[in-house]
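Protein chains get the first letters and strands the later ones, always in sequence-line order, with residue 1 at the start of each.
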There are 2 protein chains.
Amino acid sequence: MKTETKVEIRKPAAEIFEAFVDPVKIGNFWFSSSSERWEEGKTITLRYDEYDAEGQIQILNIVDNKQIVYEWGREEGEPHQVTISFHEQDSSTTVVEVTEDGFVDDDPELIAKLVDNKEGWVYALTCLKGYMEFGVNQLRAALVK
Amino acid sequence: MKTETKVEIRKPAAEIFEAFVDPVKIGNFWFSSSSERWEEGKTITLRYDEYDAEGQIQILNIVDNKQIVYEWGREEGEPHQVTISFHEQDSSTTVVEVTEDGFVDDDPELIAKLVDNKEGWVYALTCLKGYMEFGVNQLRAALVK
């Protein structure tokens, strides 16, 4: 099973793509930091300073300004594949679509995991919209668990 | 079953409470409009101009600046009860908590409904944070289904 989340952002695809792959920018809407520029084949360490947590992702595929595919969780026994697609509607508007696949159908925690995952993506993409369109970079890290 | 969503907003509880109950304010972060001020016992019509949709909610209980409880969906055969609580942490910070109860355990659409509901609440509360803290009122109505 998978989750799918789509948000329209009034910026060109190339600009939004950079917000993900440029480690200087990610801290404005999502993780605190990213260890280096996202490129195909690299393993990237993402940190959440606020929760003193970090994790690694493997970048499987990148099509500049169009799509990013990465994997995480293989070592934890449940590999998830995340696809971030940038669908440019016109020169000033892009629909950012995130699909996360790899949830296990008969996992007793399935519902909680899907709901929690959806929470994370809706939150990250809304923070991204605030950052991209209005330069607001302090929406992140306010979800309370 | 129910969903629970909590977001920290750096504003006093009274100010955030007003954003929900004052029909002039709701269009800055959530629905386009609300038919009148939210008060106990009233039925309120909420409109989404963008989707040409509207619905009604019944306000069951209000504790000023602390909690709002309303119901929707009874006529559609699945009444849901929504509780919005404003937990003021100090004079400048409030945790807004939304619980929506009424999902039916053996509904074949249960997972989709829970995930969709979570999406809606995370989105609304993040838009609320943008409006309250930064005066940004154009984050709403950008989720793509």
Interface residue of largest heavy-atom contact number with chain A, from B/Leu114, B/Val122, B/Leu125, B/Ile9, under 4.5 Å: B/Val122
- prompt: In Å, rounded to the nearest 0.5 Å, how long is the span from CD1 of B/Ile111 to NZ of A/Lys118?
  reply: 13.5 Å
message: Is it true that, when you exclude B/Arg74 itself, more than 12 heavy atoms of the residues, nucleotides or ligands shown sit nearer than 6.0 Å to its CZ?
response: no
field: Proximity breakdown for B/Val115 and chain A, heavy-atom pairs closer than 4.5 Å
entry: both
- request: Check whether more than 12 heavy atoms from other residues, nucleotides or ligands sit under 6.0 Å from atom NZ of B/Lys42, and answer yes or no.
  value: yes
query: Shared ILVMFWY cluster between B/Phe134 and B/Ile16, side chains joined below 4.5 angstrom?
result: no
message: Which one wins on heavy-atom pair count under 4.5 Å against chain A: B/Lys129, B/Glu119, B/Glu133?
response: B/Glu119
task: Following the transitive rule for hydrophobic clusters with a side-chain heavy-atom cut-off under 4.5 Å over Ile, Leu, Val, Met, Phe, Trp and Tyr, establish whether B/Trp121 and B/Phe103 coincide in one cluster.
output: no
message: Please determine whether the number of non-hydrogen atoms from other residues, nucleotides or ligands lying under 6.0 Å from atom CD of B/Glu39 exceeds 12.
response: yes
- request: For A/Glu76, look at atom CD and say whether over 12 heavy atoms of other residues, nucleotides or ligands are found less than 6.0 Å away.
  value: yes
- request: Verify the cluster assignment for B/Phe86 and B/Val95: are they in a single hydrophobic cluster under the rule of side-chain heavy atoms below 4.5 Å apart?
  value: no
message: Is there a path of hydrophobic side-chain contacts, each under 4.5 Å between heavy atoms, that joins A/Ile26 and A/Val69?
response: no
task: Taking heavy atoms only and a threshold strictly under 4.5 Å, list by residue number the residues of residues 136-145 of chain B that touch chain A; give 'none' if the list is empty.
output: B/Val136, B/Gln138, B/Leu139, B/Ala142, B/Leu143, B/Val144, B/Lys145
field: Atom group of B/Leu110 that falls short of 4.5 Å from chain A, counting heavy atoms
entry: side chain
- request: Could you tell me which portion of B/Tyr123 (side chain, backbone, both or neither) has an atom closer than 4.5 angstrom to a non-hydrogen atom of chain A?
  value: both
